[in-house]
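Below is one structure, written out as structure tokens, with a few remarks after it.
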Amino acid sequence: MTATDLGVLGQLYTDGAAMKVRHHRVHHEGFRNFCVSLGHLQRALRDSKSGTDPYWTALVRSAKRFRFDAMASPRAFSDIGLLGSVPSLRTQYARCEGMYPQLVAPVRQVIDLLEILSSTKDSPLLDAASAVIGNDLSDSFAIVLCETRLMAALPSILLRVPALKGARVVTQQHLCGTVWYDQLLLFGAPSWYGDHVFQAPRTRQIDVFRYSWLSGKVVAKGLFTAPLGEGPTPEDDASDEVSGDVLDVGDVLPPAWLADLSFADLARHAEGEAEDDFSRETVRARPFLLEGDHFVFLEAEDNATALVLDLGEDEEDRHQRLPVDDISAGMYVLLRAAGGGDYVVAVADGLLGTIKMEVRTMQYEWKARLRGLVRESTLLEVSLRLLDLGSQKANENNVRHWMWGRSIRPNDPADFDAIMNLVGLRAEKDRYWLAMKAIDVAHLQAGQVIRRALLAQVRKADLSALERDGSMEFDLPGGDTGRMIASRVIQVGRDTVEISSSRVGRPIETGGA
């Protein structure tokens, strides 16, 4: 730990314990009317039971995304991009009168207000923040956003605002580290930010800018033993709210905040059309929500591992292969930026050279025969037969892992011999064992190649950019194997799901708000 870190920790224990929260309620009549109209449309869709019709997806997604982005970032309404253009929405919902006549009025009102807002240069949150900083300038302050994707255009916008052009723009994940600011500016509802923002403060003062119809109530308990300062607490400062003024915008959060049930739904969506269970190879996998409205499934069978970057570790230990169950929010999983799959496999194939086709074919052959036997009976029956043939570790979980295409071989020769006997390859068991050993060695060497290349990339990369943006691509050697991308884990699914092995390790879009 550096002297700087110790100094910051000292501030956390002294100034941080007396942290004050000030709320600034901002009003914009046109934007409030839009939020009210969108709420009316959503209730009308629920009441008419039409909301499940995919016909409404484009309008609801576009309107909800615009609403959230306008509430959560200090930008002009005209600077907020739309998921679909207003003319295209008008064209798409021109047929509404014939299909859903009772919804014509609320649909037109939402589209009309969306068109008006998206063309106005009003920036209420930015103006409010500029006024506060202009009157009470701190030595160091930062603008904190609840989502990384909101950061893209903000720095260039701030350059045009004298009071704010010196601000650093960070995400709430940045506040998990050993950092300190005199003042933090947050936008939107306090409930959109993690507990650490208020309960483990990295500042002596937080200014929250929110529209007047958003609730500002949040319990901000002091993390340290010292009492909070005499300034207004979040509860006191929000006590002037009139219940009738606070709109029901409980669904305002985008899919970046997903429940585990939603993960299961996404898994079903990722599978596409249903397949015969016996025609595909499946594996138990754990879902991980990533920065940028993406998620990924990583194998969760016994001993399954994945490549990660942990910026909290020393330089030499940042790149690791960890058990999937040990990966937590804030780490960065390393995935192939194109083509999906584990980069180790692609590099290992390159190292195998001319024997790649032969040994990979042999690997596929014995696994396919083992899967065929399981289809004809059960995992339990095959496990018992393998034990009778001399296997030491045959059980349902191990058999499932052995027949998965991306595993290589059992570690114990006795287990492999039993499999060879059972699948009718007893006479060639030695040749198959040597082939699997060659694959195993290639995978070990590939891991070393990737580690060295990643360490070289990490040493020269601007990791502050990785921390700021939540993702970064790395160029690695290996012909047409593509690039690797490090993506920050936002949320880890508690439960595993069964999914096609071809989907493992492939980043998948959540589909937006």
Side-chain angles (χ1 to χ4, degrees), residues 280-285 298-307 321-324 336 339-377 379 381-451 478-479 481 500-502 504-505:
R280 64 188 177 118
E281 182 184 37
T282 62
V283 64
R284 298 300 298 179
L298 300 178
E299 184 204 354
E301 303 287 0
D302 292 344
N303 303 317
T305 61
L307 289 169
R321 180 168 280 275
L322 291 182
V324 169
R336 290 187 63 189
D342 193 333
Y343 196 90
V344 170
V345 176
V347 175
D349 282 350
L351 294 173
L352 286 169
T354 57
I355 67 169
K356 180 193 76 171
M357 185 64 68
E358 179 184 3
V359 297
R360 289 298 191 190
T361 299
M362 294 170 68
Q363 181 186 26
Y364 174 82
E365 175 64 23
W366 72 262
K367 288 176 180 290
R369 293 191 183 197
L370 184 60
R371 282 194 295 270
L373 292 174
V374 171
R375 285 199 298 269
E376 294 169 2
S377 55
L379 280 169
E381 183 176 336
V382 170
S383 300
L384 294 174
R385 292 174 66 183
L386 288 172
L387 290 172
D388 289 341
L389 290 170
S391 173
Q392 301 296 308
K393 299 177 182 177
N395 57 45
E396 290 177 85
N397 286 335
N398 283 341
V399 171
R400 183 186 293 110
H401 180 71
W402 292 337
M403 67 184 188
W404 184 39
R406 289 174 60 189
S407 69
I408 298 175
R409 60 172 182 178
N411 292 325
D412 193 327
D415 295 321
F416 191 74
D417 287 352
I419 293 173
M420 292 293 100
N421 289 341
L422 184 63
V423 301
L425 294 171
R426 179 178 182 179
E428 297 186 82
K429 65 179 184 180
D430 291 338
R431 188 169 72 91
Y432 270 75
W433 176 260
L434 290 175
M436 298 308 101
K437 184 176 181 179
I439 294 176
D440 197 22
V441 169
H443 275 242
L444 291 174
Q445 292 176 342
Q448 295 170 359
V449 169
I450 292 171
R451 176 179 172 78
T481 52
S500 297
S501 59
S502 61
V504 173

What is the minimum heavy-atom distance between Val347 and Ala446, and which atoms define it? CG1-CB, 3.7 Å
Nearest heavy-atom approach of Ile419 to Pro410 is CD1-CG, 3.8 Å
Check whether [X] reaches the backbone of [Y] with its side chain - one donor and one acceptor, N or O, closer than 3.5 Å.
X	Y	result
Asp415	Gln392	yes
Lys367	Ser407	yes
Glu428	Arg426	no

Working note: Asn395 + Ser383, criterion side chain to side chain donor-acceptor pair (under 3.5 Å); need CA distance, chi angles, decisive distance, verdict. CA-CA 5 Å; Asn395 57 45; Ser383 300; 6.0 Å; no
With sequence neighbours excluded, give me every ring-ring contact (aromatic ring centres under 6.0 Å, His included) pair touching residues 350-369. Trp366-Phe416
Check ion pair [X]-[Y] (N to O, under 4.0 angstrom):
X	Y	value
Glu365	Arg369	yes
Arg371	Glu376	no
Lys393	Asp412	no

As an exercise, state the distance from [atom1] of [X] to [atom2] of [Y], rounded to the nearest 0.5 Å.
X	Y	atom1	atom2	answer
Lys356	Leu351	NZ	CG	11.5 Å
Gln363	Glu358	CD	CD	13.0 Å
Asp417	Leu422	CG	CG	12.5 Å

Can a cation-pi geometry be assigned to Arg409 and Trp402, taking NZ or CZ under 6.0 Å from the six-membered ring centre and within 45° of the ring axis? no
